[in-house]
Amino acid sequence: MPRPILATIHTAALRHNLERARQGAGSARVWAVVKANAYGHGIERAFAGLRAADGFACLDLQEAERLRALGWRGPILLLEGVFEPRDLELCSRLSLWHAVHCDAQIDWLAAHKTQAPHRVFLKMNSGMNRLGFGPARYRSAWARLSALPQVDEISFMTHFSDADGPRGIAHQMAAFQAATEDLPGERSVSNSAAVLRHAQDAQVRADWVRAGIVLYGGVPDYPEHDSAHWGLQPTMTLATRLLAVQELQAGDTVGYGSSFTAPGPMAIGVAACGYADGYPRHCPTGTPVLVDGVRTRTVGRVSMDMLAVDLTPLRQAGRAAGMGSEVTLWGRSSQGAVLPIDDVALAAGTIGYELMCALAQRVPVAVDE
Ligand SMILES: *Cc1c(COP(=O)(O)O)cnc(C)c1O
């Protein structure tokens with residue numbers, strides 16, 4: 001019998017969350033961002049739930065090839081553009097749209113031989129200081145690109161650093177608007193946080209939004225808001241079973257480093273999930289977890305293949321949790337109880353994005369249609 005751990009991808013929830021992003025986007029088209037293998041879900045597994053998107057945005061050429069292999073004939077955008085000149089051949093062959101964020105990428109385009117001119121998204125660095133031309137250099141980059149026979153349509157994009165927080169997006173919007181105001185072409189500025197928090201403004205919705213985490217039910221501004229507030233559903237469940245139960249007495253300790261000491265008699269369950277499955281080792285005692293759909297907590301250190309859970313709330317409720325009981329690390333239990341991935345991420349000092357992306361190779365994954 002295989003180890004009882006299993007991740008499940010919820011197709012209906014992906015569909016629901018995409019619809020939710022669409023509501024926020026108004027009449028703008030929606031890129032489904034599927035970088036990092038669809039935020040750990042698997043591009044092939046997520047595709048069925050996301051195929052109603054207007055386009056797919058990714059990073060790797062290999063991800064773009066996989067989307068074409070799935071039969072997707074609509075737009076695909078490479079968010080960071082190409083990494084070397086020969087990548088442009090694949091862009092031509094697969095009709096990929098690509099970001100242009102630096103002079104080298106323009107040089108490569110200028111030297112590229114193609115029958116089919118490319119659609120490009122000229123990236124502005126409006127304050128994030130990762131990729132893109134700063135406002136002062138943006139127009140000259142645009143002028144260079146528009147003179148190239150290899151380019152047919154130029155769109156404009158920028159990325160927000162603080163759409164999820166108090167600083168907001170006004171300063172970046174102002175820089176972007178000022179530099180692009182009179183330039184002809186489509187615009188894309190919003191990530192998930194901007195779609196949820198700032199898209200009352202038509203300039204923020206623009207022509208395309210780039211929805212990532214929201215599709216996967218993660219909340220960009222957690223804990224200020226939660227998934228119930230934004231109407232999002234979990235798209236990934238990580239579940240396992242109890243391998244053993246230990247009855248502890250006062251003073252007994254649990255796991256490596258004996259970091260948890262039982263204050264009195266209590267039962268703990270030992271679940272078949274550890275950091276080698278992608279569950280964060282940083283989760284301290286008290287991290288939320290569901291056992292047979294009942295919310296309880298982890299106790300002691302997470303080890304490579306196992307972690308311990310407190311069975312006290314189940315005993316109090318008269319529930320006979322034991323070997324084989326279902327443990328939901330995040331997502332939806334088979335009884336329907338939900339443990340948002342953000343709750344677990346917060347305990348681990350990270351964000352839901354990282355936990356999804358870190359689901360380990362060794363965990364088998366099922367798709368629930
Ligand atoms: C990852 C990414 C997004 C999506 O971000 P979310 O916060 O997941 O919505 C949008 N735009 C760019 C350029 C990105 O790299």
Side-chain angles (χ1 to χ4, degrees), residues 14 17-18 20-25 28-41 43 46 49-50 53-61 63-64 75-83 96-102 105 120-133 155-165 167-169 172-173 176 186-199 204-222 224-225 227 230 232 234-236 340-342 345 350-358:
L14 286 162
N17 294 340
L18 174 60
R20 176 66 190 78
R22 226 179 240 305
Q23 279 166 16
R29 278 156 288 163
V30 178
W31 293 108
V33 180
V34 293
K35 63 190 179 186
N37 201 20
Y39 290 47
H41 289 60
I43 287 182
L50 299 177
D54 299 296
F56 287 88
C58 57
L59 290 192
D60 289 327
L61 285 157
E63 291 172 335
I76 297 178
L77 174 64
L78 299 176
L79 289 166
E80 297 178 1
V82 296
F83 300 98
L96 308 181
W97 302 0
H98 48 102
V100 170
H101 68 77
C102 65
Q105 289 177 330
V120 298
F121 277 67
L122 181 59
K123 177 124 183 201
M124 180 187 293
N125 172 12
S126 57
M128 177 80 150
N129 285 312
R130 260 183 354 185
L131 299 180
F133 296 92
S155 305
F156 308 103
M157 71 185 285
T158 195
H159 192 54
F160 297 132
S161 57
D162 292 79
D164 56 336
R167 189 171 183 209
I169 62 171
Q172 288 184 269
M173 277 304 284
F176 183 74
E186 294 192 330
R187 285 150 172 75
S188 175
V189 297
S190 287
N191 56 3
S192 296
V195 171
L196 295 176
R197 293 169 64 101
H198 301 288
V204 174
R205 296 194 298 273
D207 299 295
W208 291 88
V209 301
R210 305 186 302 272
I213 195 68
V214 71
L215 302 177
Y216 308 101
V219 177
D221 62 353
Y222 187 81
E224 184 183 343
H225 296 112
S227 51
W230 292 123
L232 301 173
T235 59
M236 179 193 283
I341 197 167
D342 301 302
T350 183
I351 52 178
Y353 296 73
E354 190 183 10
L355 301 196
M356 296 174 186
C357 293

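In listed order, ligands and their atoms are each counted from 1. Just so it is clear, the values below take in all heavy atoms, side chains as well, and ignore hydrogens, waters and symmetry mates.
Between Y353 and ligand 1 there is a heavy-atom distance shorter than 4.0 Å.
Inclusion of K123 in the set of residues having an N or O under 3.5 Å from an N or O of ligand 1 is not warranted. Between A211 and ligand 1, not a single N/O pair is under 3.5 Å apart. No N or O atom of A193 sits closer than 3.5 Å to an N or O atom of ligand 1. Geometrically, ligand 1 and N191 share no nitrogen or oxygen pair separated by less than 3.5 Å.
Using modelled atom types, no side-chain atom of D342 and backbone atom of Y222 make a donor-acceptor pair closer than 3.5 Å.
With a 4.0 Å heavy-atom cut-off, ligand 1 is reached by the side chain of H159 but not by its N, CA, C or O. Heavy atoms of E80 found under 4.0 angstrom from ligand 1: none, in either backbone or side chain.
Annotation: the span from L355 atom CG to T350 atom OG1 amounts to 6.0 Å, rounded to 0.5 Å. Atom CG of L78 sits about 9.0 Å away from atom CG of D60, to the nearest 0.5 Å. For the atom pair CG (N17) and CH2 (W230), the distance works out to 13.5 Å, reported to the nearest 0.5 Å.
Heavy atoms from other residues, nucleotides or ligands lying under 6.0 Å from CD of E186 number more than 12.
Of the options L215, V33, T235, V34, a side chain to side chain contact (heavy atoms under 4.5 Å, CB included) to Y39 is made by V33 and by none of the others.
In terms of protein heavy atoms, atom 14 (C) of ligand 1 is closest to K35 NZ, 3.0 Å. Looking at atom 11 (N) of ligand 1, its nearest protein heavy atom turns out to be R210 NE, 2.8 Å. Of the protein's non-hydrogen atoms, S192 OG, 2.5 Å is the one closest to atom 9 (O) of ligand 1.
Using a 4.0 Å cut-off between a side-chain N of Lys or Arg and a carboxylate O of Asp or Glu, E224 and R197 qualify as a salt bridge.
Which of Y216, F121, F160, Y39 comes nearest to atom 5 (O) of ligand 1 through a heavy atom is settled by distance: it is Y39.
Under a 4.0 Å criterion applied to the non-hydrogen atoms of I213, ligand 1 contributes the atoms 6 (P), 8 (O), 9 (O).
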Point to revise | Worked check of side-chain hydrogen bond (donor to acceptor under 3.5 Å, both in side chains) between H159 and R210 | key: CA-CA 10 Å; H159 192 54; R210 305 186 302 272; 3.2 Å; yes
